[in-house]
Amino acid sequence: MARIISSPYIGYLIVQQDYGLALCGCVVFGLTDALDGYIARKYNMQSFVGSIIDPAADKVLMTTLTIALAYSGLLPTVLAGVIVGRDVALSLAAFVVRWATLPGPKTLRRYFDLSIPSVEVRPTVISKWNTALQLVLMSATLVAPVCGVPADWPALVALQWATGATTVVSGLGYLVSKDAVHRLTKAEVAKRIPKPHILPKKKH
């Protein structure tokens, strides 16, 4: 949740050309995210809500970085549009799929109840590559001005083209892949809905 709240501030730092402090903030976010994941796995603290919030926090941060870097002239506007446009399109599609697969009765309260799962999104191979490339690109683009590297450095430009290509392909992949979105069966939904904790009755 801290990443979602603090992401606009990171974007503000980039727009104000305070790249060093923005980079430090991103490093702190990365380390805390890794630590949270380690603790959750080690002590078996994973939850369905957490599986939604964590990727959402990462996406908010990545979107903020994309827009701020493009605004500052460090990232091509067309590439930023492709990245953000893909995410917006997938988000809108997710809203539609969520409603279509929500177990009845369908109400707005149940729709926004994250403890009631209905579908499972399975990232494709190209999507995983794209996520990695986006992360590397945003990091490299933010590091470049700190180290005095020009925005048109050939290696950075090549990374931009690779990221743009995989962004388009991965977006189309979710439309054509049969395994990318899995509709949960009633049995799978029942297993994932948290059961209320019932206290044992006191013996008199």
Side-chain angles (χ1 to χ4, degrees), residues 1-8 10-11 14 26 29-30 33 36-37 46-71 74-103 106-142 159-185 188-189 192:
M1 187 62 69
R3 276 171 291 162
I4 296 178
I5 297 174
S6 303
S7 290
I10 296 295
I14 294 174
C26 289
F29 283 159
D33 185 32
D36 289 344
Q46 298 101 322
S47 66
F48 174 75
V49 174
S51 69
I52 297 295
I53 296 297
D54 284 345
D58 294 336
K59 187 56 63 178
V60 168
L61 178 59
M62 290 295 291
T63 301
T64 301
L65 289 175
T66 301
I67 295 174
L69 290 171
Y71 181 86
L74 298 176
L75 196 68
T77 304
V78 174
L79 176 59
V82 169
I83 294 174
V84 175
R86 167 191 174 271
D87 290 341
V88 170
L90 291 180
S91 297
L92 292 176
F95 280 113
V96 174
V97 172
R98 167 67 172 170
W99 181 261
T101 59
L102 181 67
K106 294 185 179 183
T107 63
L108 287 178
R109 183 176 180 179
R110 285 171 56 82
Y111 180 88
F112 290 105
D113 187 350
L114 298 181
S115 66
I116 305 177
S118 57
V119 293
E120 181 181 64
V121 178
R122 299 168 178 173
T124 60
V125 175
I126 188 65
S127 178
K128 292 179 180 179
W129 276 102
N130 175 248
T131 300
L133 284 172
Q134 284 191 23
L135 180 60
V136 173
L137 175 61
M138 299 306 157
S139 301
T141 304
L142 192 54
L159 183 58
Q160 292 171 356
W161 277 97
T163 303
T166 54
T167 298
V168 173
V169 174
S170 63
L172 295 175
Y174 280 107
L175 298 178
V176 300
S177 176
K178 296 180 179 179
D179 300 324
V181 179
H182 170 64
R183 180 168 184 170
L184 300 176
T185 63
E188 291 173 326
V189 171
R192 301 189 185 202

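The nearest pair of heavy atoms linking A80 to L75 is CB-CD2, 4.4 Å. Contact between S127 and R86 at its shortest, heavy atoms only, is OG-NH2, 3.8 Å. Annotation for I126 and S170: closest pair CG2-CA, 3.7 Å, computed over non-hydrogen atoms. Residues V84 and I67 share a closest heavy-atom pair of CG2-CG1, 4.2 Å. Among all heavy-atom pairs drawn from C26 and L65, the shortest one is SG-CD2, 3.9 Å. Closest of all the heavy-atom pairs between L159 and A140 is CD2-CB, 4.3 Å.
Here CG of L133 is found 8.0 Å from OG1 of T167. Values are rounded to the nearest 0.5 Å. Atoms OG1 and CG, on T77 and L69 in that order, are 11.5 Å from each other to the nearest 0.5 Å. Atoms CG and CG, on L74 and L142 in that order, are 8.0 Å from each other to the nearest 0.5 Å.
Side-chain contact check for I83 versus M138: some heavy-atom pair is nearer than 4.5 Å.
Of the residues N130, L137, T131, the one that meets the side-chain contact (heavy atoms from CB on, under 4.5 Å) test with Q134 is N130.
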